[in-house]
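Naming: A, B, ... by sequence-line order, numbering from 1 per chain. Keep in mind the model is a prediction, meaning the values are calculated, not measured.
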Amino acid sequence: MNEASPPAVYDFASAEPQWQHAWNEAGCFAVDDIPASDRPKYYVLEMFPYPSGKIHMGHVRNYTLGDVVARYKRACGYQVLHPMGWDAFGLPAENAARERGVHPGEWTRANIAAMRAELKRMGLSIDWRREFATCDPEYYGQQQRLFLAFLAAGLAERRESFVNWDPVDGTVLANEQVIDGRGWRSGALVEKKKLAQWSMRITKFAPELLAALDGLDRWPERVRTMQAKWIGRSEGARLRFPLAAEEAGIAEVEVFTTRPDTLFGMSFVALAAEHPLALAVAARDAGAAAFVAECRGLGTSEVALEQAEKRGYDTGLCVRHPFLPDQSFPVWIANFVLMEYGTGAIYGCPAHDQRDLDFARKYGLEVPVVVVPDGEDPAAFQVGERAFDGAGRIANSGFLDGRTIEDAKQAAIGRLTEMGWGESVVNWRLRDWGVSRQRYWGCPIPVIHCGSCGVVPVPDDQLPLRLPEDVTFDRPGNPLDHHPTWKHVACPACGAAATRETDTFDTFVDSSWYFARFCSPAAATPTVRAAVDGWLPVDQYIGGIEHAILHLLYARFFTRAMRASGYVAQAEPFAGLFTQGMVTHASYKSEDGRWLYPDEVEQSHGAAVERASGRPVVVGRVEAMSKSKRNTVDPGGIIYRYGADTARWFILSDNPPERDIEWTEAGVVGAYRFVQRLYRLAEPSCGVRPEVPATCAPEATALRRTTHRTIAAVTHALEGFTFNVAVARIYELAGAIAESDRTAEADGMAFARREASEMAARLVYPMMPHLAEEIFARLGGAGLLAVQPWPKAEPALLAVQAVTIAVQIMGKLRGTIEAAPGAPAAEVIAAAEAEPNVARQLEGRRIVKRIHVPDKIVNFVVAG
RNA sequence: GCCCGCCUGGCGGAAUGGUAGACGCAGCGGACUUAAAAUCCGCAGCUUUCGGGCGUGCCGGUUCAAGUCCGGCGGCGGGCACCA
């Protein structure tokens, strides 16, 4: 180092493409459709991207995390399936078509090409031969085949129903896609509309989708809870109240309740506005019709948000009561009753349900108390403005009096069943999944509507049913429907003139089985059993928490439906799930209120100013990167300036992967410095091929211990998904290598230093693969690091020679002593008592108890 | 309203009930340099009469020992929400 040689600089710009090329040439990341039997398999998958045109930092994080797992598992001897594809259907392509006159397919393909190039520059260990886009007819044709199988199996059906209509996007939305009463994409208030549309019978699997959550022990608890709540199992009773007089042929009202114990506390029945009986009344009663129309126009969620006011309309109808034959109860239409849940009708028990109480107070209905808290007088207990829904005893309820709530539920259901008025039932919150979308850029639903044959599947030999290319976007609505010829066909069954279904699938259908298709992406059938049965389930799935319900639930359903149709053996698609945090950044606003990109801002004299004008900038909060706030950083630019490894290293440093991470320029520069430092640290060992030394100086042994402890620690951290800790341990090893420079001449040090450098490269490989290959090659390593096995720590070097034992008095640290590992208690305690500071403090005090935890701690408990 | 998670230096964070603050960022000091950058080395929770005292949101408990376990409170974040 004394020579005036310029410090080595790692030229990532030439090294990164070179190593990517080398991996590609060697086929390091390719696996077969049918996994080989000689090694265990591991399927790593990151949620595939929508091809918007550019990758963003969320992608960088997602795919880096997956790549660390893939490269690590490969080194551990697994054959690793790590594919990439494109969630390529969807509305943005149609919007681009409307705005710029470019065909959605062309726009999408161009975006895919741009993003593929960016992802490749990240150096991901992906088997690119498996790449596909969901808009490829070869993919969506197989999806059509799956759908027809589901149709035949009764897992898909066409149904006339109220749907969520997004007036801005001009399409139907699934319940899952309505958030706070607004469309998840457009943000428009959703309307209710009755339409015939296709739906997937996800409710058929509700019990098993719920039960199987328990087995997903490598899923975050949070996601499992969210799904469980969404599926929403509740036990209760269904019961039928006969109407005092029939209305339009309707003789009774069926309700669902979880509180049959409070049946004696009933004071009314309430119907949803869309309930058949409500509609029947509305048909003859103008007041009812007006109220029903009002409820429908508002949308239930809007009411909840804006006013939360209970409103109703008295139909004038009455029902009889199973246990109170002498009384009758009024039937109301109420705005707080949901047609989608239960039976669309409830019985009101105001004393013990807050909503019912609000309603009863407003309309002057009775409030009979039937549950009394322990210690209260049943005759005197009254309910004010708060309903009582706590524990207590049943009262004023005939045969139920004195029972607990649970007992009373059973007794009431038993009596109802005997009387034939009702029965116990399990109700689910989950609704069937409406998949029809009135869109062009999606997978065509492969059915034909024939006047005489009804719904006829498109014959298998006509799949894929392709989208027509020649469509126009010059008017609102569905271009497929407007197409002059596409929808007109002869019925495959009878030959008569018929029309094609012009709706396409919700794009969530496309992403519900892509993980299965990756196993055999070119197959002439949706799946190849030996391939999917060999590779599935995905061992580690990685993506954002925002898909905790929608995508993950649909994929779970789809896998079950595929199993029922014989396409896979597995019921669960994802054995392990990891939800990553978001990438955040400070946001900036100019004086005149424009959002500024971080690139437009610079630091000047400790204050942020606008680069172009020098004007001060308001620094806003650190939040998720978003285009609207312009607080985004383009990964492409970062990779160009600092290299892929720097970007990967930064995004793995500091934060645990599940937590949000703040992207900072300083952090990136820090990561880049480490890339260069590690490269420089290895330099003295380049070309050195020392034998295992006969004797090692203590310094050399110490370095070797650090090296092997780091191997163990990094391995442990990678296994536990605590990549930030792995990063920290590698920093420590780098520090140890740097320190060893001072004793480079000691016995065995050349060997120890070379070993440390090589191990640093090998340990850093999953995270910074290009740099690792470069260092490994310069050290004289044979072949590609990408095919090297994961290093193993030598147990002899992990064994500690001496331990530092903390000495406490009454739990407070008073000193430390060195001891041999496993030293006998008496010896250690004696040494602890002799420690000068400890001895001084123990003077004149009586030791009551001596606690000795081997190799850890000694604690003296003293009197007084 | 209900459910879940989180709360540790200036900042991100580390810590199988056993020496709190590893590692990094920012900071400070030094070396090298005409100088700066880069690099390298070092310091660093607060406080102190230099013995020590205080310290992981707050209050209490269990324990020889609590960031960690238990109970309560507060704050922040997220999810669900007229679900009968």
Side-chain angles (χ1 to χ4, degrees), chain A residues 1 7 9 179-180 220-226 228-230 232 234 236-237 255-259 262 270 272 300-301 303-305 307-310 334-338 340-349 352-356 358-359 427-429 545-546 548-549 622 649-650 653-656 658-662 664-671 673-674 676-677 680 713 717 722 724-735 738-739 741-742 804-816 837 840-841 848-862:
Chain A
M1 293 302 265
V9 174
I179 294 153
D180 288 342
E221 186 63 42
R222 196 154 66 110
V223 175
R224 290 192 286 168
T225 319
M226 282 164 74
K229 287 201 144 201
W230 189 265
S234 61
V255 306
F256 170 73
T257 179
T258 54
R259 295 295 302 271
T262 62
T300 50
S301 304
V303 174
L305 283 174
Q307 50 209 50
E309 188 194 359
K310 309 284 177 284
N335 65 348
F336 65 92
V337 181
L338 305 173
E340 302 81 41
Y341 188 78
T343 63
I346 62 160
Y347 86 82
C349 176
H352 308 294
D353 182 291
Q354 191 59 44
R355 281 165 327 188
D356 295 352
D358 294 345
F359 190 76
N427 192 60
W428 301 87
R429 183 182 176 278
I545 185 77
E546 67 273 19
I549 295 174
V622 173
W649 188 248
F650 173 72
S653 314
D654 290 357
N655 285 52
E658 69 276 13
R659 237 178 273 185
D660 289 354
I661 188 171
E662 185 186 354
T664 62
E665 183 73 12
V668 178
V669 171
R673 274 204 298 264
F674 182 70
Q676 295 297 341
R677 177 168 143 95
R680 277 194 306 272
T722 51
N724 55 321
V725 179
V727 166
R729 293 289 98 85
I730 290 170
Y731 271 116
E732 279 176 321
L733 179 57
E739 195 179 349
D741 204 36
R742 289 178 219 170
T804 306
I805 293 177
V807 184
Q808 300 180 337
I809 297 172
M810 298 299 282
K812 286 196 188 297
L813 183 72
R814 295 302 176 207
T816 59
N837 192 40
R840 191 171 46 74
Q841 298 222 15
V848 178
K849 200 171 176 187
R850 296 167 171 85
I851 314 270
H852 172 239
V853 181
D855 298 347
K856 287 269 163 69
I857 211 157
V858 173
N859 188 16
F860 296 108
V861 183
V862 296

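Of the side-chain N and O atoms in Arg259(A), none sit less than 4.0 angstrom from OP1 or OP2 of C83(B). Here Arg680(A) reaches the OP1 or OP2 of C40(B): one of its side-chain N or O atoms lies under 4.0 Å away. Between Arg814(A) and the phosphate of G53(B), there is a side-chain N or O to OP1/OP2 separation shorter than 4.0 Å. In this structure, Arg429(A) does not reach the A84(B) phosphate: none of its side-chain N or O atoms is under 4.0 Å from OP1 or OP2.
The P atoms of C80(B) and G13(B) are separated by 24 Å, rounded to the nearest whole Å. Here the separation of C46(B) from U33(B), taken at their P atoms, is 34 Å to the nearest Å. Of the C1' atoms belonging to A44(B) and G27(B), the separation is 9 Å, rounded to the nearest Å. Between G74(B) and G57(B), the two C1' atoms lie 8 Å apart (nearest whole Å). Taking atom P in both U63(B) and C70(B), one finds a spacing of 16 Å when rounded to whole Å. Between the P atoms of G55(B) and C4(B), the separation comes to 31 Å (whole Å). A gap of 25 Å separates the P atoms of C82(B) and G75(B), to the nearest Å. Nucleotides C25(B) and A31(B), compared at atom C1', are 23 Å apart to the nearest Å.
Out of C4(B), A14(B), C80(B), the shortest distance to the side chain of Pro656(A) is found at A14(B). The side chain of Gln841(A) lies closest to G52(B) when the candidates are C80(B), G52(B), C64(B). Considering only side-chain atoms of Lys229(A), the nucleotide from G79(B), A14(B), G51(B) that sits closest is G79(B). Residue Arg659(A) has its side chain nearest to G13(B) when only G51(B), G13(B), C80(B) are considered. Comparing G13(B), A38(B), G51(B) by their nearest atom to the side chain of Arg673(A) picks out A38(B). In this structure, the nucleotide among A38(B), C83(B), C80(B) sitting nearest to the side chain of Leu338(A) is C83(B).
Rounded to whole angstrom, the span from the CD atom of Gln354(A) across to the P atom of C2(B) amounts to 12 Å. When rounded to the nearest whole Å, the span between CZ of Phe336(A) and P of C83(B) equals 9 Å. Atom-to-atom, NE2 of His852(A) to C1' of C64(B) comes out at 14 Å; the value is rounded to the nearest Å. For Trp230(A) and C3(B), the CH2 to C1' distance is 15 Å, given to the nearest whole Å. If you measure from atom CZ of Phe650(A) to atom P of G13(B), you get 12 Å, rounded to the nearest angstrom. The separation between Asp660(A) atom CG and G13(B) atom C1' is 14 Å, rounded to whole Å.
The aromatic rings of Tyr341(A) and Phe256(A) stand perpendicular to each other, their planes meeting at an angle above 60°, with 30° marking the opposite boundary.
Within the nucleic acid shown, Arg224(A) has no heavy atom closer than 4.0 Å to any nucleic acid atom. At the heavy-atom level, Asn837(A) lies under 4.0 Å from the strands shown only through sugar-phosphate atoms. Ala270(A) comes within contact range of no nucleotide atom at all, as no heavy-atom separation falls under 4.0 Å. Contacts of Arg355(A) with the nucleic acid, taken as non-hydrogen atoms under 4.0 Å apart, include base atoms. Residue Glu662(A) is classed as having no contact, given no heavy-atom separation below 4.0 Å to the nucleic acid.
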- Task: Could you encode protein contacts along nucleotides 15-23 of chain B as a string, one character per nucleotide from 5' to 3', using B for base contact, S for sugar-phosphate-only contact and - for no contact, with a heavy-atom cut-off of under 4.0 Å?
- Result: -B-BB--BS

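Atoms CZ and CZ, on Phe336(A) and Phe359(A) in that order, are 5.5 Å from each other to the nearest 0.5 Å.
A14(B) is unpaired under the criterion used here, namely a Watson-Crick or G-U wobble arrangement in which both key atom distances are under 3.5 Å. Base pairing analysis places A38(B) opposite nothing; no Watson-Crick or G-U wobble pair with both distances below 3.5 Å involves it. With both pairing distances under 3.5 Å, A65(B) is matched to nothing as a Watson-Crick or G-U wobble pair. Across all strands shown, C73(B) pairs with G57(B); the Watson-Crick or G-U wobble distances both stay below 3.5 Å. Across all strands shown, G27(B) is found opposite C43(B) as a Watson-Crick or G-U wobble partner, with both distances under 3.5 Å.
Of all non-hydrogen atoms in Ser653(A) and Val727(A), the two that sit nearest each other are OG-CG1, 3.9 Å. Considering all non-hydrogen atoms of both residues, Thr804(A) and Thr816(A) come closest at CG2-CB, 3.7 Å. Between Ala806(A) and Leu813(A), the shortest heavy-atom contact is CB-CD1, 3.7 Å.
Residues satisfying the side-chain contact (heavy atoms from CB on, under 4.5 Å) test with Pro220(A), not counting sequence neighbours, are Val223(A), Leu577(A), Thr579(A).
The side-chain heavy atoms of Gln676(A) and Val9(A), taken from C-beta on, include a pair separated by under 4.5 Å.
Between Arg840(A) and Arg742(A), the one whose closest nucleotide on RNA chain B sits nearer the 5' end is Arg742(A).
Because its glycosidic torsion is more than 90° from 0, G10(B) is reported here as anti. Nucleotide G77(B) is shown with an anti base, its glycosidic torsion being more than 90° from 0.
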